[in-house]
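Scroll down for the structure; my scribbles are underneath it.
Throughout, protein chains are lettered first and strands after them, A, B, ... in sequence-line order, and every chain is numbered starting at 1.
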There are 2 protein chains.
Amino acid sequence: MQMPVQRRTTIKDVAEAAGVGVATVSRVLSGGSASAETREKVLAAAARLDYHPSALGRNLRQRRTGGVGLLVPDITDSFYARLADGVLSCARSYGEPVTIGVTGDDPERESEMIGTLIEQSMDRVIAVPSGDGDAWDPVLRAGVNVVFASRRAEPDVPDVPAVLADDRGGVRTAVEYLTGLGHRKIAFLARRGQSQRVAAFTGALKALGVPVEDELVVHARASRDSAYAAAAGLLQRRPDVTAVLTGGNILGEAAVLAARELDVRVPRDVSLIMFDDVPWAELCSPPLTVIAQPAQDIGYRAAELVLRQGRRPRTVMLPSELVVRASCGPRRPRQ
Amino acid sequence: MQMPVQRRTTIKDVAEAAGVGVATVSRVLSGGSASAETREKVLAAAARLDYHPSALGRNLRQRRTGGVGLLVPDITDSFYARLADGVLSCARSYGEPVTIGVTGDDPERESEMIGTLIEQSMDRVIAVPSGDGDAWDPVLRAGVNVVFASRRAEPDVPDVPAVLADDRGGVRTAVEYLTGLGHRKIAFLARRGQSQRVAAFTGALKALGVPVEDELVVHARASRDSAYAAAAGLLQRRPDVTAVLTGGNILGEAAVLAARELDVRVPRDVSLIMFDDVPWAELCSPPLTVIAQPAQDIGYRAAELVLRQGRRPRTVMLPSELVVRASCGPRRPRQ
DNA sequence: GTGAAAGCGCTAACAG
DNA sequence: CTGTTAGCGCTTTCAC
């Protein structure tokens, strides 16, 4: 049994039904000039036939795809989900569809997705770049409008605006808070590619006269497993560490889990600050002190930047904020 | 200063460069038959010119859009994020882009998004339907391939396959577990539209000979605020309730928060079971007992259904599982 | 103010 | 095996 597929109503059908030319229909429907009478007829016919203009035809003609592409490392990560939500929400108000791609923070996969996007003639892309800034070169030359969100590419791509949270400020505040509690052996659990935050971290330590140990900066890949391994490894290897700062909420989750597993008490044995606020930070035991970032705003602003044609500001910096809850305490040597 | 936008390389350019006709290029690139020599020339020319076929042209010609549309209530909800991740992951293996829309569980917004999708000529859609089954009628008649994920529409739309988790089984197991612990006053915090689960809930109670009180089924809207209000309201209004089952993780979050705020201890004063397992359920204090659903699988399977052309099974049911942690205890009257 | 016609980039007939 | 041709549905000159 075959589903009775009805042929799509086209602009031509409407033109015939209204007794006018196709050009007129097009004009009326896109707000061009037409006599009141004609407009009336066209609108009536369109409504009667339940006509929906085909984005395909329009886009082909205009050599561009409506809609925006969005590339995030992991949609399962609450931070990126909120960022995506911001993008979606802004795009909706422009009536633009958004096509999403997950890069897994893998430069190769990222290029692959970029390929798909330009194949779709997407001419506006928001990305949390995972990889090689060079990968963006062909895209830019193809005239695609790119905005980076949450981080820049490395090496940096000039001419691409970005919407960022103030990592530096966040890290500095956190480190000051921790040193204020007496901590000296502070570790940083980072995701690969968070060199920005790592730099801010070591910079903050130096500024406060705390010696920097390279070994206390630990890198993990994007996956939960890798995060857990990194966290557990750190806690076991360095019992002298009394405070940990994590570069993201997946890493924070891993740190809490690892600490619990290894019977390291938070905040008694080690203080913990996590990058990015998530709903569960408050439900956690103990409730986690975090560096909150306006994930949703970042997405929204990035979408605005890419959707609003006209002059484009170079870069937008949004504030981070230290939200103190109960995962930090005064330094008490663990061993 | 104007960005030097280079005109897109078209199939015609490649044809000229290779000294063949456009049809030949098309054939070679889509795996049709051609002499080894010609194929060579075409491929070389394509590579040299960095040619990427335009999906726009192809789709217009073929009267369909590659790619699949995905409609979820809230991408910020970890369950739907994981579902989306499953879809994305499957789609990627088919090389299909996915366009995502957030419905906010609002039928009106859902219709709006459906409109956008058919305007894009999307001919394959995966949806967690929020509303009116009737809204899907025009879509189906337009020949769009729809698969529902995680729930069906109401009133149900025939001919639309669905990938579901076994709600019924999950609820029954949970209720049995709770009654086994001695609980009789069990409340169900539901999102609007979860009539399936509510029915399973009351059904399970009846089967166990526990009297059903309508007032113990509380409905909330999709937002966190509404969820919190519902949870807090229930806990205050009915101090005789000793166990709560929540229809989703946002509601679970709200219940934990409300209980904490109202100084109701879990599981001492009230036992709590949440629908859907999320990473933070384990980090919560106490760790939450949950009905786990294979969110990612649901998405993946739904994508498979919609992408694999050919015979389409009616419906797929995936198992739910009760994961016992520490949020339930024996009944102890609260007042 | 309105219609006819020319494509946008591609594929599928249809000839050769 | 390959080239020519006719559109897919739409917008946009360009005449009238």
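Between Ser26(B) and dT11(C) there is a side-chain polar atom (N or O) within less than 4.0 angstrom of OP1 or OP2. Contact check, Ser33(A) against dG1(C): a side-chain N or O comes under 4.0 Å of OP1 or OP2. A sub-4.0 Å separation between OP1 or OP2 of dT2(C) and a side-chain N or O of Ser35(A) is present.
Checking Thr24(B) against Arg27(A), the closest nucleotide of DNA chain D that is more toward the 5' end is the one next to Thr24(B). For the pair Arg63(A) and Ala34(A), both in contact range of DNA chain C, the more 5′-proximal nearest nucleotide belongs to Ala34(A). Nearer to the 5' terminus of DNA chain D, by closest-nucleotide assignment, is the contact made by Val25(B) (compared with the other of Val25(B) and Leu60(B)).
Heavy atoms of Gly21(A) sit under 4.0 angstrom from primed sugar atoms or phosphate atoms, though from no base atom. Contacts of Thr38(A) with the nucleic acid, taken as non-hydrogen atoms under 4.0 Å apart, involve only primed sugar atoms and P, OP1 or OP2.
The side chain of Tyr51(A) has dC10(D) as its nearest neighbour among dC10(D), dC10(C), dA12(C). Closest contact between the side chain of Ala23(A) and the listed nucleotides dT11(C), dT12(D), dT11(D) involves dT12(D). Between dT11(C), dC1(D), dG9(D), one nucleotide has an atom nearer to the side chain of Ile11(B) than all others, and that is dT11(C).
What separates CZ of Arg58(A) from C1' of dC8(C) is a distance of 14 Å, to the nearest Å. We find that CG of Leu49(B) is positioned 14 Å from P of dG9(C), with the value rounded to whole Å. In this structure, CG of Asp13(A) is placed 13 Å from C1' of dC8(D), rounded to the nearest angstrom. Taking atom CG on Leu29(A) and atom P on dT11(D), their separation rounds to 8 Å, with Å as the unit. Whole-Å rounding puts the Asn59(A) CG to dC8(D) P distance at 18 Å. Whole-Å rounding puts the Arg39(A) CZ to dT2(C) C1' distance at 13 Å. Distance Lys41(A) NZ to dG1(C) P: 15 Å, rounded to the nearest Å. For the pair Lys12(B) NZ and dC10(C) P, the computed distance is 12 Å after rounding to whole Å.
Of all non-hydrogen atoms in Gly69(B) and Met122(B), the two that sit nearest each other are N-SD, 3.6 Å. Nearest heavy atoms, Asp123(B) versus Gly67(B): OD1-O, 4.4 Å.
Between Asp74(A) and Arg221(A) there is no salt bridge, since none of the side-chain N atoms of the basic residue sits less than 4.0 Å from a carboxylate O of the acidic one.
A 4.5 Å side-chain heavy-atom check between Pro155(A) and Asp132(A) finds at least one atom pair inside the cut-off. The side-chain heavy atoms of Tyr51(A) and Ile11(A), taken from C-beta on, include a pair separated by under 4.5 Å.
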